[in-house]
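Input: a single structure, listed below in structure tokens.
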Amino acid sequence: MEMCQCGPVETLLAPFTKGETKGSMLLVTTRFPNLAKMVGSVDSLELAGLEPNDFFTFFEACIFGEHNKPEKYQDELAGIAQKIANKLKGSPLAAKTVGRLLQKDLSQEHWNGVLEKDEWLKQKNKDDIMPSLKISYDCLPFDLKKCFSYCGLFPEDHEFTSSEINHFWVAIGIIDSDHQANRNYLEELVDNGFLMKEFHWYVMHDLMHELSKSVSAQECLNISGLDFRADAIPQSVRHLSINIEDRYDANFEEEMCKLRERIDISNLRTLMIFREYEEERIDKILKDSFKEINSLRVLFIAVKSAQSFPYKFSK
């Protein structure tokens, strides 16, 4: 046999350059857009999520298979199923993962739990959504892993600008400002399928956002709902973002006080508050929960004026 001294792409295509058969074709699927560009002799086709109606039909099939839907389905469960389907963004892999989870217990209580607690993201089987997505993450170089992992601090569907995210990465020490011009980390994440580029914005798909939060859970905390519990937060958290509507209740304030005791507030490196709250509310949050911060590298708060900050906040 003739040995081929060539790269992986040339090796893959080599059999199609020999032989008498005409019209051979090779279909390649990949999660990495840059690989599609390397292999493709024609423009690649980007597979988006299924259309909502088609996806819901497929989702129901993942739940019930060849079995008939129970009589109570239309009255008790169909509405919940539709809300869950809306969260899955047309992903067939997510539909299969959640479908298996729902079919275990056809009760409203179980289905509402799946809807509200995102239990499907915690499934550990190798063909579930998060383990499947993490395969791609595990293949990234170390520096790109770090860049991607901290993106989960930003809200879902946040539109990154190149300047904003690069300043953020430099400030927390992921990339070196002296060598920043040598590489475009954002474009590398796009080429590897972890970000999408829309005009001059960069956007992260919801599932990738969940993956980012998952892989950085020991260092980063994104509070995006009133139901968070401080005692479930790793004590090693050093980067914190808050992204909830201006509707705090007594329970939320109580959990924030507990969080103060659980993590080392004085060594918090990042604090990001993405909603533009009333000045009195911002002042109260910073005074009550974060007055001991003195090691910040990144502070991002949407305020109308500098007077919103407590006097000498974080020195």
Side-chain angles (χ1 to χ4, degrees), residues 118 121 145-161 163-175 186 189 194-195 201-249 251-253 255-278 281-303 308-310 313-314:
D118 288 338
L121 294 172
K145 284 182 178 178
K146 298 298 289 183
C147 288
F148 171 74
S149 66
Y150 286 90
C151 290
L153 285 166
F154 293 83
E156 285 187 7
D157 300 320
H158 183 77
E159 295 178 330
F160 299 97
T161 64
S163 174
E164 173 189 39
I165 193 65
N166 277 302
H167 277 97
F168 173 72
W169 285 333
V170 168
I172 59 177
I174 294 178
I175 61 178
L186 274 169
L189 287 173
F194 289 88
L195 288 176
W201 302 101
Y202 297 85
V203 182
M204 182 174 287
H205 187 282
D206 292 18
L207 292 177
M208 286 298 179
H209 186 264
E210 293 297 337
L211 177 63
S212 178
K213 291 197 297 183
S214 173
V215 298
S216 64
Q218 295 301 313
E219 297 179 74
C220 302
L221 171 62
N222 172 258
I223 300 175
S224 55
L226 292 174
D227 59 346
F228 93 99
R229 294 292 174 264
D231 57 6
I233 305 304
Q235 293 178 296
S236 53
V237 163
R238 291 291 178 269
H239 307 272
L240 173 65
S241 65
I242 302 173
N243 179 45
I244 62 175
E245 300 291 347
D246 191 6
R247 49 187 173 87
Y248 294 165
D249 56 12
N251 182 66
F252 177 80
E253 293 188 356
E255 291 301 320
M256 289 298 291
C257 289
K258 291 180 182 178
L259 181 66
R260 226 181 117 221
E261 302 300 322
R262 181 163 180 80
I263 66 176
D264 187 356
I265 289 294
S266 64
N267 280 323
L268 208 62
R269 297 294 192 265
T270 302
L271 177 61
M272 309 171 85
I273 302 179
F274 284 94
R275 301 291 185 182
E276 190 171 307
Y277 302 112
E278 299 171 358
R281 181 58 58 79
I282 283 288
D283 188 69
K284 180 174 173 56
I285 292 173
L286 297 180
K287 279 184 176 178
D288 290 356
S289 300
F290 303 111
K291 61 184 177 182
E292 296 165 354
I293 288 182
N294 55 31
S295 301
L296 277 181
R297 297 177 180 176
V298 174
L299 176 65
F300 180 98
I301 301 181
V303 293
S308 302
F309 292 98
F313 173 72
S314 189

To the nearest 0.5 Å, atom OG of Ser236 lies from atom CD1 of Ile263 at 9.5 Å
Return yes if some donor-acceptor pair links the side-chain N/O of Ser295 with the main-chain N/O of Ser266 below 3.5 Å, else return no. yes
Is any side-chain heavy atom of Asp264 closer than 4.5 Å to one of Arg238? yes
Thinking salt bridges, do Lys258 and Glu261 make one under a 4.0 Å N-O criterion? no
Measuring from atom CD of Glu210 to atom CE of Met204, what distance do you get when rounded to the nearest 0.5 angstrom? 11.0 Å
Heavy-atom side-chain contact between Lys145 and Phe194 under 4.5 Å: no
Are Thr270 and Tyr150 close enough that some pair of their side-chain heavy atoms sits under 4.5 Å apart? no
For Arg260 and Glu292, run side-chain contact (heavy atoms from CB on, under 4.5 Å): C-alpha distance rounded to whole Å, both residues' side-chain angles, the deciding distance at 0.1 Å, then the answer. CA-CA 9 Å; Arg260 226 181 117 221; Glu292 296 165 354; 2.8 Å; yes
Do Thr161 and Trp201 come close enough that some side-chain heavy atom pair is under 4.5 Å? yes
Restricting to pairs with a member in residues 147-160, which pass salt bridge (Lys or Arg N to Asp or Glu O under 4.0 Å), not counting sequence neighbours? none
Do Phe154 and Phe168 have their ring centres less than 6.0 Å from each other? yes
Applying side-chain contact (heavy atoms from CB on, under 4.5 Å) to Ile165 and Tyr202, what does each step give before you reach the verdict? CA-CA 10 Å; Ile165 193 65; Tyr202 297 85; 6.0 Å; no
Is it the case that the side chain of Trp169 and the backbone of Ile175 share a donor-acceptor pair, with hydrogens and angles ignored and the cut-off at 3.5 Å? no
Could you give me the CA-CA distance, side-chain angles and deciding distance for Ile223 and Leu259, then say whether side-chain contact (heavy atoms from CB on, under 4.5 Å) is met? CA-CA 11 Å; Ile223 300 175; Leu259 181 66; 4.2 Å; yes
Has Ser212 got a side-chain atom pairing as donor or acceptor with Ser149's backbone, closer than 3.5 angstrom? yes
From CD1 (Ile265) to CG (Leu240), nearest 0.5 Å: 7.0 Å
Considering residues at least two apart in sequence or located in another chain, which fulfil the side chain to side chain contact (heavy atoms under 4.5 Å, CB included) criterion with Ser241? Leu153, Asn222, Met272, Phe274
Evaluate side-chain contact (heavy atoms from CB on, under 4.5 Å) for Cys151 paired with Phe160, printing each intermediate quantity in order. CA-CA 9 Å; Cys151 290; Phe160 299 97; 4.2 Å; yes
Closer than 4.0 angstrom, basic N to acidic O: yes or no for Arg269 and Glu219? no
If the condition is side chain to side chain contact (heavy atoms under 4.5 Å, CB included), which residues does Ser214 pass it with, not counting sequence neighbours? none
